[in-house]
Asks: 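Input: one structure, supplied below.
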Amino acid sequence: AINGFVAREGRRVGVSTPLNSALATLVESMNQVDAVPGFKRVNSVKHTGVLTVPSAPAVLSSVAEWKKHRATLKSSHPGRTIGFVPTMGGLHEGHLALIRAARAQCDYVVVSIFVNPKQFAANEDLHAYPRTLDADCAKLEGLAHAVLVPQPDDMYPEDFSTSVTLTPFLKGKVEHERRPMFFNGVATVVAKLLSAVSADAAFFGQKDGLQCAVVRRLVRDLSLPTD
């Protein structure tokens with residue numbers, strides 16, 4: 001800021017300030033966050049300054065832990081934005097690209113790792129789905145601030161009674177006919193996670209077009225306050 005002021009005053013009174021002008025230009029360019037190729041910029045999220053990413057992300061094992069963590073974050077860093085990347089683990093370069101996109105557009109990044117039982121049919125082996133938490137957390141070092149790893153009974157307690165269904169929207173879709181539980185299960189867990197995390201923006205891959213359409217529709221229909 002001081003270099004910009006000196007440069008402007010120099011121009012005003014006709015005094016050359018090449019060093020201050022160069023530093024001011026450099027700082028301005030560093031503050032310009034370009035959209036990550038392949039991802040849509042979230043224009044409505046105010047990017048106020050990325051918080052330092054720890055060497056290892058904070059691991060939060062329940063929604064209650066995350067909410068307490070979020071309250072502390074918002075209290076100590078008011079106005080900072082939160083980007084959210086939901087995953088089922090087994091992180092690969094596609095996930096990491098989403099996390100980088102979240103970092104480019106938000107001040108704080110949280111990743112969730114949760115293998116969602118609601119999207120598995122009885123004939124699909126939920127227990128065989130790979131769970132690689134230690135390796136995933138290692139990949140998040142220096143990239144994400146926190147990782148939310150809720151347990152199934154935290155997300156779906158014994159008396160859980162609510163589900164999100166988009167059956168009319170999905171009617172006639174080949175993918176839905178082939179896996180009738182999948183997309184409604186995705187809708188339910190995404191609605192729960194978006195509600196629990198209360199992020200300013202969420203980041204999803206574009207590989208599965210119908211799944212993206214389901215997420216957009218549930219956010220619209222439920223008026224969820226996440227971009």
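For the numbers below, each heavy atom of this structure counts, side chains included, while hydrogens, waters and symmetry mates do not.
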Asks: Is it true that Y156 and N116 share a donor-acceptor pair across their side chains at a distance under 3.5 Å?
Replies: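 A pair is found: one side chain offers a donor N or O, the other an acceptor, under 3.5 Å apart.
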Asks: Output yes when a side-chain donor or acceptor of T81 lies under 3.5 Å from a complementary backbone atom of D107, and no otherwise.
Replies: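 A pair under 3.5 Å: yes.
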Asks: What's the shortest heavy-atom distance between C137 and V147, and which atoms?
Replies: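 Heavy atoms only, the tightest pair is SG-CG1, 4.1 Å.
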Asks: May I have all residue pairs that pass side-chain hydrogen bond (donor to acceptor under 3.5 Å, both in side chains) and include part of residues 179-197, sequence neighbours excluded?
Replies: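 For residues 179-197, and leaving out neighbouring residues, the side-chain hydrogen bond (donor to acceptor under 3.5 Å, both in side chains) pairs sorted by first residue read E124-R179.
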Asks: Got S112 and T87 here, is their nearest side-chain heavy-atom distance under 4.5 Å?
Replies: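 Side-chain contact under 4.5 Å: no.
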Asks: Between I99 and L140, is a side chain to side chain contact (heavy atoms under 4.5 Å, CB included) present by the stated rule, with each step listed?
Replies: CA-CA 9 Å; I99 295 165; L140 294 175; 3.3 Å; yes
Asks: To the nearest 0.5 angstrom, please state how far the CD atom of Q119 sits from the CE atom of M181.
Replies: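 One finds 9.5 Å between CD of Q119 and CE of M181.
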Asks: Over all heavy atoms of both residues, which pair between V63 and L148 is shortest? Give the atoms and the distance, please.
Replies: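 For V63 versus L148, the nearest heavy atoms are N-CD1, 4.3 Å.
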Asks: Pair D153, E158 - check side chain to side chain contact (heavy atoms under 4.5 Å, CB included), show working.
Replies: CA-CA 7 Å; D153 58 357; E158 189 175 350; over 6 Å; no
Asks: Do M88 and F114 have side chains that get closer than 4.5 Å, going by heavy atoms?
Replies: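 Result no, sub-4.5 Å side-chain heavy-atom pair not found.
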Asks: Say whether V115 and V215 are linked into one hydrophobic cluster, either directly or through other cluster members, by side-chain heavy-atom distances under 4.5 angstrom.
Replies: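 Result: no, two separate clusters.
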Asks: Which atom names give the shortest non-hydrogen contact between A146 and L60, and what distance separates them?
Replies: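 A146 and L60 have their closest heavy atoms at CB-CD1, 4.3 Å.
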Asks: Given the rule in the salt bridge (Lys or Arg N to Asp or Glu O under 4.0 Å) test, do E93 and R100 qualify, once you have shown the distances and angles that lead to the verdict?
Replies: CA-CA 10 Å; E93 184 53 39; R100 294 186 193 103; 2.6 Å; yes
Asks: Is the closest side-chain heavy-atom distance between R216 and F204 below 4.5 Å?
Replies: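 R216 does not reach F204 side chain to side chain.
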Asks: Go through it in stages, so that I can follow the logic: the residues are Y129 and H127, the test is side chain to side chain contact (heavy atoms under 4.5 Å, CB included), and I'd like the CA-CA distance, side-chain angles, deciding distance and then a yes or no.
Replies: CA-CA 5 Å; Y129 194 90; H127 300 291; over 6 Å; no
Asks: When you look at CG of D125, are more than 12 heavy atoms from neighbouring residues, nucleotides or ligands closer to it than 6.0 Å?
Replies: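 Result for CG/D125: enclosed.
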Asks: List the residues meeting ring pair (Phe, Tyr, Trp, His ring centres under 6.0 Å) with F169, not counting sequence neighbours, and say none if there are none.
Replies: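 Listed in chain order: nothing, the list is empty.
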Asks: With a 4.5 Å heavy-atom cut-off, do L73 and I82 have their side chains touching?
Replies: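 Yes - at least one pair of side-chain heavy atoms lies under 4.5 Å apart.
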Asks: I want to check something: taking the side chain as every heavy atom from C-beta on, are V186 and Q211 in contact at a cut-off of under 4.5 Å?
Replies: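 V186 vs Q211: side chains touch.
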Asks: Return the NZ to CZ distance between K173 and R178, rounded to the nearest 0.5 Å.
Replies: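 Separation between the atoms: 14.0 Å.
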Asks: To the closest 0.5 Å, what do you measure between CG (L166) and NZ (K171)?
Replies: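 Rounded to the nearest 0.5 Å, the CG-NZ separation comes out at 15.0 Å.
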Asks: Verify the cluster assignment for V59 and V85: are they in a single hydrophobic cluster under the rule of side-chain heavy atoms below 4.5 Å apart?
Replies: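 Yes.
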Asks: I want to check something: taking the side chain as every heavy atom from C-beta on, are L133 and I113 in contact at a cut-off of under 4.5 Å?
Replies: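 L133 vs I113: side chains touch.
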Asks: For P86 and F203, which heavy atoms make the closest approach, and how far apart are they?
Replies: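 Looking at all heavy atoms of both residues, the shortest contact is CD-O, 3.6 Å.
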Asks: Taking the side chain as every heavy atom from C-beta outward, state whether V197 and V110 have any atom pair closer than 4.5 Å.
Replies: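 Counting from C-beta outward, V197 and V110 do come under 4.5 Å.
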Asks: Quick one: CZ on F183 to CG on L170, what's the gap to the nearest 0.5 Å?
Replies: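 Result: 7.0 Å between the selected atoms.
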Asks: Do D227 and D200 come within less than 4.5 Å of each other through their side chains, counting heavy atoms only?
Replies: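 No, too far: nothing below the 4.5 Å cut-off.
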Asks: So H95 and H92, would you call those rings parallel, tilted or perpendicular, with 30° and 60° as cut-offs?
Replies: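 Plane angle between 30° and 60°, so tilted.
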Asks: Identify the heavy atoms of A202 and T226 that sit nearest to each other, and give their distance.
Replies: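 Heavy-atom minimum between the residues: N-CG2, 3.6 Å.
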Asks: By the side-chain hydrogen bond (donor to acceptor under 3.5 Å, both in side chains) test, which pairs, at least two apart or in different chains, include something from residues 57-74?
Replies: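 Non-adjacent pairs meeting side-chain hydrogen bond (donor to acceptor under 3.5 Å, both in side chains): S61-E65, H69-Y108.
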Asks: Between V214 and L222, is there a shared hydrophobic cluster once you connect ILVMFWY residues whose side-chain heavy atoms come closer than 4.5 Å?
Replies: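 Yes; L222 is reachable from V214 via cluster members.
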Asks: Measure the OG-CG distance between S198 and L193 for me, rounded to the nearest 0.5 Å.
Replies: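 CG of L193 is found 11.0 Å from OG of S198.
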Asks: Please answer whether the main-chain N or O of S163 pairs with a side-chain N or O of T165 as donor and acceptor at a distance below 3.5 Å.
Replies: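 Between the backbone of S163 and the side chain of T165 there is no qualifying donor-acceptor contact (under 3.5 Å).
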Asks: Is F120 reachable from V189 through a run of I, L, V, M, F, W or Y residues, each pair having side-chain heavy atoms under 4.5 Å apart?
Replies: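 No, separate clusters.
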Asks: Any chance you could measure C106, atom SG, to L51, atom CG, to the nearest 0.5 Å?
Replies: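 With rounding to 0.5 Å, SG (C106) is 11.0 Å from CG (L51).
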Asks: What pair of heavy atoms forms the shortest contact from G205 to C212, and how long is it?
Replies: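 Closest approach of G205 to C212: O-SG, 2.9 Å.
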Asks: Just by distance, do the side chain of D136 and the backbone of G89 share a donor-acceptor pair under 3.5 Å?
Replies: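 No.
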